[in-house]
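Read the structure below first, then the notes.
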Amino acid sequence: MEMSPEEMQKKKEMVLSMCVCAKCPSWVECGEKGGYCFPTIGKSSCITEEKGCICGGCPVTEKLGLTHGYYCTRGSEKEQLGM
Ligand code: SF4
Ligand code: SF4
């Protein structure tokens, strides 16, 4: 079942509030807020070098059952699943 826009927005805010990307070695400061795993956010427009990914230790990975990483360079979980 598709989520309503309001539910998506709430979920996005939840993801952004828990995101640990800013502590990651690959992080590049350019005004973004992280949350790259989320489908309506996706890839970063400034992170291009993969220098390590700490998504595995992020509470969002467990909460949403994520299976990938490097969402900033490779795209959201959905995108990497080919959806
Ligand atoms: S899983 Fe990664 S991209 Fe997603 S919120 Fe956590 S640290 Fe950010
Ligand atoms: S998605 Fe992974 S690699 Fe990219 S900034 Fe977040 S923790 Fe680092």
Side-chain angles (χ1 to χ4, degrees):
M1 205 181 80
E2 283 294 305
M3 262 187 280
S4 72
E6 291 77 19
E7 284 170 324
M8 278 295 274
Q9 186 58 31
K10 263 185 112 175
K11 204 166 172 188
K12 180 177 163 180
E13 277 159 27
M14 184 270 291
V15 166
L16 288 173
S17 73
M18 297 198 284
C19 183
V20 297
C21 283
K23 294 182 190 144
C24 170
S26 300
W27 179 256
V28 174
E29 186 53 64
C30 67
E32 291 179 350
K33 299 190 193 98
Y36 309 114
C37 57
F38 201 66
T40 59
I41 299 177
K43 278 181 201 155
S44 166
S45 61
C46 61
I47 301 170
T48 54
E49 276 185 76
E50 297 182 349
K51 300 179 184 170
C53 178
I54 58 170
C55 285
C58 172
V60 175
T61 292
E62 202 189 325
K63 198 163 172 91
L64 301 185
L66 304 181
T67 58
H68 293 78
Y70 285 115
Y71 304 105
C72 57
T73 51
R74 303 180 190 179
S76 69
E77 171 80 0
K78 259 192 170 171
E79 203 179 335
Q80 292 193 53
L81 284 167
M83 291 162 78

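Heavy atoms only: backbone and side chains are in, while hydrogens, waters and symmetry mates are out. Everything quoted here is computed from the prediction, not taken from an experiment. As the structure lists them, so they are numbered: ligands from 1, and atoms in each ligand from 1.
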**OP:** With 2.8 Å as the limit, jot down which protein N, O or S atoms are around atom 4 (Fe) of ligand 1.
**Re:** C37 SG
Subject >> Chi angles and distances behind the side chain to side chain contact (heavy atoms under 4.5 Å, CB included) call for C37, V15 >> reply: CA-CA 9 Å; C37 57; V15 166; 4.1 Å; yes
**OP:** Specify the protein heavy atom at minimum distance from atom 8 (Fe) of ligand 2: its residue, its atom name, and the distance to 0.1 Å.
**Re:** C24 SG, 2.3 Å
Original post:
Quick one: which ligand 2 atoms are inside 4.0 Å of a heavy atom on Y70?
Top reply: 2 (Fe), 3 (S)
Subject >> Sub-4.0 Å atoms of ligand 1 with respect to non-hydrogen atoms of V20 >> reply: 7 (S)
**OP:** Identify the heavy atoms of C58 and C19 that sit nearest to each other, and give their distance.
**Re:** SG-CA, 4.2 Å
**OP:** Can you sort out the partners of E50 under side chain to side chain contact (heavy atoms under 4.5 Å, CB included), two or more places apart, ordered by chain and number?
**Re:** Y70, T73, R74
Original post:
With a 4.0 Å cut-off on heavy atoms, does S44 reach ligand 2?
Top reply: no
Subject >> Ligand-residue contact atoms, ligand 2 with I54, heavy atoms, under 4.0 Å >> reply: 7 (S)
Subject >> Nearest heavy-atom neighbours spanning V28 and I47 >> reply: N-CG1, 3.7 Å
**OP:** Identify, for atom 4 (Fe) of ligand 2, the protein heavy atom at the shortest distance, and state residue, atom and that distance.
**Re:** C72 SG, 2.3 Å
Original post:
With clusters built from Ile, Leu, Val, Met, Phe, Trp and Tyr whose side-chain heavy atoms come within less than 4.5 Å, directly or transitively, what are the remaining members of the cluster of V20, listed by chain and number?
Top reply: I54
Original post:
What atoms of ligand 2 come within less than 4.0 Å of a heavy atom belonging to C53?
Top reply: 2 (Fe), 3 (S), 7 (S)
Original post:
Minimum heavy-atom separation for K51 to S26, with atom names?
Top reply: N-OG, 2.7 Å
**OP:** Would you check if the side chain of E29 reaches a backbone N or O of G31 as a donor-acceptor pair within less than 3.5 Å?
**Re:** yes
Subject >> Partners passing salt bridge (Lys or Arg N to Asp or Glu O under 4.0 Å) against E79 (at least two apart in sequence or in another chain) >> reply: K43
**OP:** Check the side chains of E77 and Y71 for a donor-acceptor pair under 3.5 angstrom, ignoring hydrogens and angles.
**Re:** yes
